[in-house]
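Have a look at the structure below before the remarks.
Keep in mind it's a predicted model, so treat the numbers as computed, not measured. Numbers restart at 1 for each chain; the letters A, B, ... are given by sequence-line order, proteins then strands.
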Protein chains: 4
Amino acid sequence: MKIAVINEISAADKNAAILSALAGRGYEILNCGNTGLMSALLLHLRAVDFVVGGCGTGIGYLNSVMQYPGVFCGHLLTPLDAFLFARINAGNCVSLALNQGYGWAGDVNLRLIFDALFTPETGTGYPPHRAEPQRQGRELLAQISRAAHRSMAEILLALPAEVTRTALNYPAFRPVLQSAVATAPNPDPTLTSVIEHLLESAPA
Amino acid sequence: MKIAVINEISAADKNAAILSALAGRGYEILNCGNTGLMSALLLHLRAVDFVVGGCGTGIGYLNSVMQYPGVFCGHLLTPLDAFLFARINAGNCVSLALNQGYGWAGDVNLRLIFDALFTPETGTGYPPHRAEPQRQGRELLAQISRAAHRSMAEILLALPAEVTRTALNYPAFRPVLQSAVATAPNPDPTLTSVIEHLLESAPA
Amino acid sequence: MKIAVINEISAADKNAAILSALAGRGYEILNCGNTGLMSALLLHLRAVDFVVGGCGTGIGYLNSVMQYPGVFCGHLLTPLDAFLFARINAGNCVSLALNQGYGWAGDVNLRLIFDALFTPETGTGYPPHRAEPQRQGRELLAQISRAAHRSMAEILLALPAEVTRTALNYPAFRPVLQSAVATAPNPDPTLTSVIEHLLESAPA
Amino acid sequence: MKIAVINEISAADKNAAILSALAGRGYEILNCGNTGLMSALLLHLRAVDFVVGGCGTGIGYLNSVMQYPGVFCGHLLTPLDAFLFARINAGNCVSLALNQGYGWAGDVNLRLIFDALFTPETGTGYPPHRAEPQRQGRELLAQISRAAHRSMAEILLALPAEVTRTALNYPAFRPVLQSAVATAPNPDPTLTSVIEHLLESAPA
């Protein structure tokens, strides 16, 4: 599994703690930026399977990343939150509170959260007898997400230039994006040509 | 202020506790349904100023309601969460955890959360010196929300029929919606005519 | 390791969840009563190594059990609490909140707490470089406990009769106590003869 | 009401936040030391009505202060904890977690906790219909505390010299103690003469 770590500026000093808490689990970790747009692009291009993001309270990043289609995000404060999110929501993104409530052993708490989050039980439902309606709920949510959003290519063109430019020129993100659009299989050719166009018009 | 209470089925038994915790604050409360779509429609039609929603963990409703444009939602477990959400995010919706962690005095906790949530300090920033960048962040988020989503009218037409039909035929919601589309000033004529069309083709 | 489960009446319905969360760890579990006195007696007689107790908020049981000498008790709400208590305080008792905050998956949370609590890292300190002052702190606390309390034998004689009688006649506790006083090695002969005297004068 | 603020060394940097969160409530605040013994002495001499203490997790101070007779202590992490402690336990001491979970707006959380803690509803029970058994429980707990502990005078003489000496020579505490033993009415003459003796033999 490939996981991107995406951290709002307000919580940039907690990046090392997240990376350390994710270490040693056999995942490939991309530590590459700080916005909801970056997160959504990496998921859409299948450059990563999962995004671990956060901000001071977790709510800012969550609202930012959830503007985009195909993003399903938890807000995880305790291992129990992670246990339930994995089973019920089985999303592709989590938002962490990295200043509020983040004190002594905050790094340990992150490790305990990831212990509970990355589990083969993902999507098996909680309580277990609710597995099937919860699976249907996730499918319906994905349909609603497609109905409610423009395509990622349309979104990139409609976003304020400051948003796309900031993301595409972010030093740790630009090469990841370039590599993602260059790599087959290509899940969305229109999206990749829009990205290529934007990368050219916003040179590093 | 008009507040809608929107509760997923998994937490329907906590509805009375929410209404009771909201009582006596001088707000007009609409207790009217259970989906993200209902929440978004009420906000778009300006039928309410704020939506209080929730589900078992708070994460399901949050992911549901945030599929729609113009919805900015907190996940509130403690009064401190509410204090910070009001100042930093100043959104128009909150999602409550109504089964997980909801034990003894869960109703009291709701009251303490609402005490901290509905405050004249809304949008004043936290920490205070971050007020201006946080205000800019909220404006940018609203722009991103518009860029990333279709219009509510387009969404209503694109959604699976089961989603729109369930919402529009929900007994406590249908009359609220009918009243909202009939009431001037009309913030979105295309949306109201789509709703009128759907109400006619899905008679109660 | 032998563990007693001691549960105040207000939370008696959570007993099964505690036993289930403790199951399968290779510990011998005594499920035997509901007061601080019982907890302290079992620890003093070395009938158990550890007591898992609780009440509605965890604070009532904690105040009850900590009246007695030689009891060092944590108040554990999350796995992180357990992680830190094991390393820093390394006590012989914990108090759980079994009504407040105990909602959906409360039983899962108990399991995650016990996963973090029973660890070979007990007493190794947190942060690790504080291991030695924390070890000294625990030794000093044990000295203070001995200086501040009467002996358990004196306490049994000084307690209101209703307290001792209730404990000694508690059906699940009386046989455990009888077995404990009968079993060598005897850590405190005065205490065992006081208990034998009280058991005789308060026949089941 | 007179409140002492008693803070373990590990959390000394949070002292200002506690004092600030207590300010403006019309209480007389003594900010005077860092051990369980100091807390217990101030309560026994009626030099204060209430002690606000804490340490990294709250559990160390709690175990320290609860070694002494007549101390009934909560462990408060959220306003709801404070709400319930005031109504159910109505103790004379609280222990705060001042490093674990103490992040952004930790100072605000302290204020919200004190808002809920200091209330005319103290001792009125929760749920309300349990008021009478909870009142009886508090009285029984006070009896047990007297039965289980030596007197404060005996304890002072039995404690390791390093414990009494550290407390009595603590710069902010010594004058408070001297003033307390000099002030009528004297709730415990034996205790005050032991303290006077110790103050003389351990000159500042």
Side-chain angles (χ1 to χ4, degrees), chain A residues 8-10 35-37 40 55-60 62-69 71-78 80-81 84-85 88-89 91 94-95 97 99-101 126-127 130 133-134 137-138 140-150 152 154-160 162-163, chain B residues 8-10 35-37 40 55-60 62-69 71-78 80-81 84-85 88-89 91 94-95 97 99-101 126-127 130 133-134 137-138 140-150 152 154-160 162-163:
Chain A
E8 299 283 323
I9 288 163
S10 63
T35 74
L37 174 57
C55 62
T57 64
I59 297 300
L62 190 149
N63 273 266
S64 167
V65 76
M66 288 211 54
Q67 298 308 321
Y68 300 95
V71 180
F72 308 105
C73 188
H75 180 227
L76 308 188
L77 309 175
T78 67
L80 186 62
D81 295 342
L84 290 170
F85 178 71
I88 298 172
N89 310 95
V94 296
S95 183
N99 290 329
Q100 186 200 0
Y126 185 88
R130 296 272 302 153
Q134 289 172 354
R138 292 193 299 272
L140 190 58
L141 185 65
Q143 281 186 274
I144 293 172
S145 182
R146 283 190 293 274
H149 290 88
R150 292 179 178 158
M152 278 302 293
E154 290 170 317
I155 293 171
L156 275 180
L157 296 172
L159 281 172
E162 65 179 290
V163 173
Chain B
E8 299 283 324
I9 288 164
S10 64
T35 73
L37 174 58
C55 62
T57 64
I59 297 301
L62 189 149
N63 273 265
S64 167
V65 77
M66 288 212 55
Q67 297 309 319
Y68 301 96
V71 180
F72 308 104
C73 188
H75 180 228
L76 308 188
L77 308 176
T78 68
L80 185 61
D81 295 342
L84 291 170
F85 177 71
I88 299 172
N89 310 95
V94 296
S95 182
N99 290 327
Q100 187 200 359
Y126 186 88
R130 297 271 302 151
Q134 288 171 356
R138 291 193 299 271
L140 190 58
L141 185 65
Q143 280 186 275
I144 293 171
S145 182
R146 282 191 294 273
H149 291 89
R150 293 180 176 156
M152 277 303 292
E154 290 170 317
I155 293 171
L156 275 179
L157 296 172
L159 281 172
E162 65 179 291
V163 173

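- Pairing each heavy atom of B/A147 with each of A/R150, the nearest pair is O-NH1, 3.3 Å.
- With a 4.5 angstrom heavy-atom cutoff, B/L77 touches chain A only via side-chain atoms.
- There is no contact between B/R138 and chain A, counting heavy-atom distances below 4.5 Å.
- Residues meeting the side chain to side chain contact (heavy atoms under 4.5 Å, CB included) test with B/P133, sequence neighbours left out: B/R130.
- Interface residue B/E162: only side-chain heavy atoms are found under 4.5 Å from chain A.
- Atom NE2 in A/H75 sits 11.0 Å away from atom OG in B/S95 (nearest 0.5 Å).
- If you tally non-hydrogen atom pairs under 4.5 Å between each of B/V71, B/T78, B/L62, B/L37 and chain A, the highest count goes to B/L62.
- Ranked by heavy-atom pairs under 4.5 Å with chain A, the first of B/L84, B/L159, B/N63, B/L157 is B/N63.
- Rounded to the nearest 0.5 Å, atoms OH (A/Y68) and CD (B/Q67) are 14.0 Å apart.
- Heavy atoms of B/F85 lying under 4.5 Å from chain A belong exclusively to its side chain.
- Looking at B/I59, the atoms closer than 4.5 Å to chain A (heavy atoms on both sides) sit in the backbone and in the side chain alike.
- The residue among B/I88, B/T57, B/L156, B/L140 with the most heavy atom pairs within less than 4.5 Å of chain A is B/L140.
- Qualifying ring pair (Phe, Tyr, Trp, His ring centres under 6.0 Å) partners for A/F72, counting only residues two or more places apart in sequence or in other chains: none.
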